[in-house]
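Note that the structure is a prediction, hence the values are computed from the model and not measured. Throughout, protein chains are lettered first and strands after them, A, B, ... in sequence-line order, and every chain is numbered starting at 1.
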Amino acid sequence: MDTLTIIALIVSSSLFAATPLIFTALGGVFSEKSGVVNIGLEGLMIIGAFTAIVFNLTFDTTFGSATPWVALLAAMLAGGLLSLLHGVASIAFRADQVVSGVAINFLALGLSLFLVKLIYDKGQTDMIDSRFIKKDIPILSDIPVIGDIFFSGIATPTIWAFIIAFVSWFVLYKTPFGLRLRSVGEHPMAADTMGVNVAKTRYIAVFISGLLGGLGGAVYAQSISLDFSHATITGQGFMALAAMIFGKWHPLGAMGAAIFFGFAQSLSIVGSSIPFLDSIPAVYLLIAPYVLTILALAGFIGRADAPKASGTPYIKGNR
Amino acid sequence: MSKKWTVLAVPVISVLLGLLAGAIIMIASGNNPAAGYMALWNGAFGDSFYTGETLRQMTPYIFAGLAVAFAFRTGLFNIGVEGQLLVGWLASVWVGVAFVDLPKVIHLPLAISAGALAGALWGFIPGFLKARLRVHEVIVTIMMNYTALHVTNHFIRNVISDGSDATDVVNETASLRSPFLENITDFSSLHNGIYLAVIAAIIMWFMLEKTTLGYELRAVGYNQHASEYAGMNVNRNIILSMVISGAFAGIGGSMQGLGTFGNMFINSGFSGIGFDGIAVALLGGNTAIGVVLAALLFGALKVGSLNMPIESGVPNELVEIVIALIIFFVASSYMITWLLSRFKKKEAK
């Protein structure tokens, strides 16, 4: 393989692996910016993946080639609904948000596997027919060198991930709603005094994180795993959580971190076919995202600080 | 209502609500909840074999639960029990395989200590980062879990064995297997670890409630600033708490490696014991006796669930849903106590 092909292969597979992480990490950003810790991202991805696959298998004949896209909408809705449960527990019932998130993860896995057995009478679903595939982007892929590297073999959801990351940045930092959302996460009492409805804002933020988490799971299921079983989502949600922290709770940072983690993941898979990289044991590439996140938190790669009120329920009248 | 009563009421009501929700799900999916729960009961305590399996499942749950609970009492949330358990499992199996011709009185404690040490080391890192750099332990322990998963898999395949998917079985001198317990439970996989688990629970109770160290750890959990002002070394206590918690988790791994399985194999995902330990600790109110009781409940649910599809046609994942809901209800205990207090007010009128 010549260098150009190798680079193109790495970029293409990195972005492919990063796409679900970008969506889910953005979901995490929304939730945590509003002050609700969301360990349940993993569960939201599970329910998204499950819904997308079941929807895809059921309605493939109805929607034809549009099936994966309609399935994304269904998965987003499922993720949104499940996240509301987390919202109710952590906003209204003042539950420990980490514990509630753990419960969401258990619930999503249990519920989806229960339903898979109920619907299909076996432990895993069939493979889907309509899925997201890597395509060359017209015109842009014809640019010499750059076109081969960045615009060939890109799945359409990847482009959407970039767009949504920029939209998230705009919403969070350039709109009144984003300002309110961030203020609720930094100092809910001050926000409350200024007339911001803390509970409502947090519910909306958690719901958005559910939509995006479900989306991430659905994209993963319909582009990478192609079926649903207990082993479909194993840690991608936590990796998205890591990406969010590594990206310092910023939408574009989270996107960058997700791409980097996708890069590490794809290297661990395609690395064995690339000279020079095949001498590095896969274990280093596998643990890289997690070790880097710990280092980032420890301040070796710039200080990463969580939103101040993250993790604490807001109780009116308490100081 | 007295406070003591509420402490008991929340977990009991949570379990009942969880089982009730499970029954509703069974009805909604066209199954008979009575048959489903009967199958669950039979699968957990139906005969001596199933009882043995339940107790065997309870063993690592106790350790995982104690690990989570111990850290919790110092105000730390150790989600990393899963990873600490995996490295403990690996370390004790490694020692169990590597040494031959050691007498059992040395080899077995050595293998268990290796597990405890590995778990303690895995707990030390988040504890140190928390104490020195104020890094939140939840995120670090989650990342340590995945690191542990990949590192242990790497060691099994490339260091301990020669490219195989499992290690050798540990030598007899490091094994926790007990012919006596196997005989009285109709050859279930119950092993001597159950005794160690109960002893560990007593040790944790004693350490937390009856020693100066435990007093300090609990004080740090209640109020770091007050403890600091009283002259306690908060940072040292945080690290110590994570180390001890990790050691409990590591021994939980030894139970799997030296008892239940006798070896270690490549794990594509987590064993789940560590995460279930969170549920066990929460339901047990983070006390030693509570952890033992909750571990029995979850052990019975897990083992019993395997019988549900056979006897009643209910998918065994129903139990996962029930466990999730129990955690959810315990976490939302504010709601339960609020409802209880409302109930009481009405009565008083």
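- Atom CD1 in B:I278 sits 9.5 Å away from atom CG in A:N105 (nearest 0.5 Å).
- Of all the listed residues (B:S29, B:P309, B:G313, B:G269), the one sharing the greatest number of non-hydrogen pairs under 4.5 Å with chain A is B:S29.
- Residues B:N145 and A:Y290 fail the side-chain proximity criterion, which asks for heavy atoms closer than 4.5 Å.
- Residues of residues 71-87 of chain B that come within less than 4.5 angstrom of chain A, heavy atom to heavy atom, are B:F72, B:F77, B:I79 in numerical order.
- Nearest approach of A:A103 to B:F328, heavy atoms of both residues: CB-N, 4.0 Å.
- With a 4.5 angstrom heavy-atom cutoff, B:V138 touches chain A only via side-chain atoms.
- Note: B:I142 CD1 to A:I245 CD1 = 7.5 Å, rounded to the nearest 0.5 Å.
- Counted within 6.0 Å of OH on B:Y222, heavy atoms from surrounding residues, nucleotides or ligands total 12 or fewer; the atom is thus considered open.
- The stretch residues 102-126 of chain A participates, sequence neighbours left out, in these salt bridge (charged side-chain N to carboxylate O under 4.0 Å, His left out) pairs: A:K117-B:E317, A:K122-A:D126.
- Neither the backbone nor the side chain of A:A288 comes within less than 4.5 Å of any heavy atom of chain B.
- Closest heavy-atom contact between A:F106 and B:E320: CD2-OE1, 4.3 Å.
- In this structure, chain A has heavy atoms under 4.5 Å from both the backbone and the side chain of B:I321.
- The shortest heavy-atom contact between A:A298 and B:V135 is CA-CG2, 3.8 Å.
- Note that CD1 of A:I39 is 5.0 Å distant from CD1 of B:I139, once rounded to the nearest 0.5 Å.
- Contact of A:A89 with chain B is made through backbone and side chain together, with heavy-atom distances under 4.5 Å.
- Of the inter-residue distances, the one linking A:L107 atom CG with B:I327 atom CD1 reads 9.5 Å to the nearest 0.5 angstrom.
- By the 4.5 Å heavy-atom criterion applied to side chains, A:L118 and B:P315 are counted as neighbours.
- For chain A, the nearby part of B:L282 is the side chain; its heavy atoms alone come within less than 4.5 Å.
- For a residue to count as touching a neighbouring chain, one of its non-hydrogen atoms must lie under 4.5 Å from one of that chain's; by this rule B:V322 does not touch chain A.
- The contact between B:D276 and chain A is made by backbone and side chain atoms together, counting heavy-atom distances below 4.5 Å.
- Counting all heavy atoms, side chain and backbone alike, A:V283 lies closest to B:H150 at CG2-O, 3.6 Å.
- Around atom OH of A:Y284, no more than 12 heavy atoms belonging to other residues, nucleotides or ligands sit under 6.0 Å away.
- Contacts between A:V99 and chain B at a heavy-atom distance below 4.5 Å involve backbone atoms as well as side-chain atoms.
- Once rounded to the nearest 0.5 Å, the distance linking CG of A:L286 with NE2 of B:H154 reads 10.0 Å.
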Worksheet entry | CA sep, side-chain torsions, deciding dist, call: B:M143, A:V291, side-chain contact (heavy atoms from CB on, under 4.5 Å) | CA-CA 7 Å; B:M143 301 304 138; A:V291 174; over 6 Å; no

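- Note: A:T234 OG1 to B:Y146 OH = 7.0 Å, rounded to the nearest 0.5 Å.
- The choice from A:H86, A:R94, A:H230 that makes the most heavy-atom pairs within less than 4.5 Å of chain B is A:R94.
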